[in-house]
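In what follows, residues are counted from 1 in the order of the sequence shown. Order of appearance sets the numbers: ligands from 1, and atoms from 1 within every ligand.
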Amino acid sequence: MGDIATAIAGLKKELPSSVKLVAVSKFHPVDAVREAYDAGQRLFGESRPQELASKAAALPDDISWHFIGHLQTNKLKLVLPVVSMVESVDSRRLLEAIDRWGAGHGRVTDVLLEMHIASEETKQGFSREEILQVAEDAGSFGNVRILGLMGMATFTDDESVVRSDFSRLTSLRDEICGNLRAYPGLPENFGTLSFGMTHDYRIAVAMGADIVRIGTLIFGERAY
Ligand SMILES: *Cc1c(COP(=O)(O)O)cnc(C)c1O
């Protein structure tokens, strides 16, 4: 087995069957994605619209793509036709644009709301209050299904910081799910949590992640 197949097999063994693995293939070539595909992986994450569009065109149709990067509204037409989910909706403006695109194309897009949980200012996402506001207004977005939350912890070796970042996601999800009747625009199965990357996925799984997004561990270091 090649390194990619070995890494995927190892993760499949380690991850509980209820946890979905998004293999993050950004900045890695089509051949690397195909190797993962041949090892049985069918769910991939990309963070750049053009790169996603060209990979999706070059690779088999039974791949599910999740968009996980910052998405500009003028790039929706590259991304929305090919993804099964946009995990990284980080502004109300973007949510509205995805909804409008869906209305025009007869398509409902599954999304997660990205919450800003890291201490780095540079990372994007909604605040807790903004997410609660979007949840309240969810009924006005007829062409998106808001299925849950996504986040990225502070990049640090200090596990207590990572845990406390992640707990802001889990507690907000629990708060919303515990009072779902207050948010009639959210789907009944709201509650998906996507968190955990190469350096912190074990913590994420222990804390109840439904989706982990792993790149480096599978594909090696990215050439930036
Ligand atoms: C790149 C990226 C990942 C994967 O990161 P690794 O450290 O390579 O596992 C996960 N999530 C997001 C949003 C990313 O941009």
Sub-4.0 Å atoms of ligand 1 with respect to non-hydrogen atoms of T198 = 6 (P), 7 (O), 8 (O), 9 (O)

Salt bridge present between K20 and D210 (N-O < 4.0 angstrom) | no

Is atom CG of D157 surrounded by more than 12 heavy atoms (other residues, nucleotides or ligands) closer than 6.0 Å?
-> no

Contact (N/O only, under 3.5 Å) between G215 and ligand 1 = yes

Residues at least two apart in sequence or cross-chain that pass side-chain hydrogen bond (donor to acceptor under 3.5 Å, both in side chains) with S127, listed by chain then number, are E130

Ranking M197, M152, K26 by closest non-hydrogen atom to atom 14 (C) of ligand 1, top hit is K26

Atom indices of ligand 1 within 4.0 angstrom of R213 heavy atoms, with elements = 4 (C), 9 (O), 10 (C), 11 (N), 12 (C), 13 (C)

Atoms of ligand 1 under 4.0 Å from any heavy atom of I214, numbered from 1 in the order shown, are 9 (O)

Under 4.0 Å from a heavy atom of T216: give me the atoms of ligand 1 that qualify, with their elements.
-> 6 (P), 7 (O), 8 (O), 9 (O)

Contact region, E87 to ligand 1, non-hydrogen atoms below 4.0 Å, reads neither

Taking all atoms of both residues into account, what is the closest heavy-atom pair of V83 and L52, and its distance?
-> CG1-CD2, 3.6 Å

Carboxylate-amine/guanidinium proximity below 4.0 Å for K26 and E51 | no

Report, one line per pair, each donor and acceptor closer than 3.5 Å where one atom sits in a side chain of residues 132-154; sequence neighbours left out.
from: Q133; atom 1: NE2; to: D137; atom 2: OD2; distance (Å): 3.4
from: D137; atom 1: OD2; to: R92; atom 2: NH1; distance (Å): 3.0
from: D137; atom 1: OD2; to: R92; atom 2: NH2; distance (Å): 2.8
from: S140; atom 1: OG; to: D137; atom 2: O; distance (Å): 2.7
from: N143; atom 1: ND2; to: D99; atom 2: O; distance (Å): 3.4
from: N143; atom 1: ND2; to: D99; atom 2: OD1; distance (Å): 3.4
from: R145; atom 1: NE; to: D110; atom 2: OD1; distance (Å): 2.9
from: R145; atom 1: NH2; to: D110; atom 2: OD1; distance (Å): 3.1
from: R145; atom 1: NH2; to: D110; atom 2: OD2; distance (Å): 3.1
from: T154; atom 1: OG1; to: S119; atom 2: N; distance (Å): 2.9
from: T154; atom 1: OG1; to: S119; atom 2: OG; distance (Å): 3.1
from: T154; atom 1: OG1; to: D165; atom 2: OD2; distance (Å): 2.5

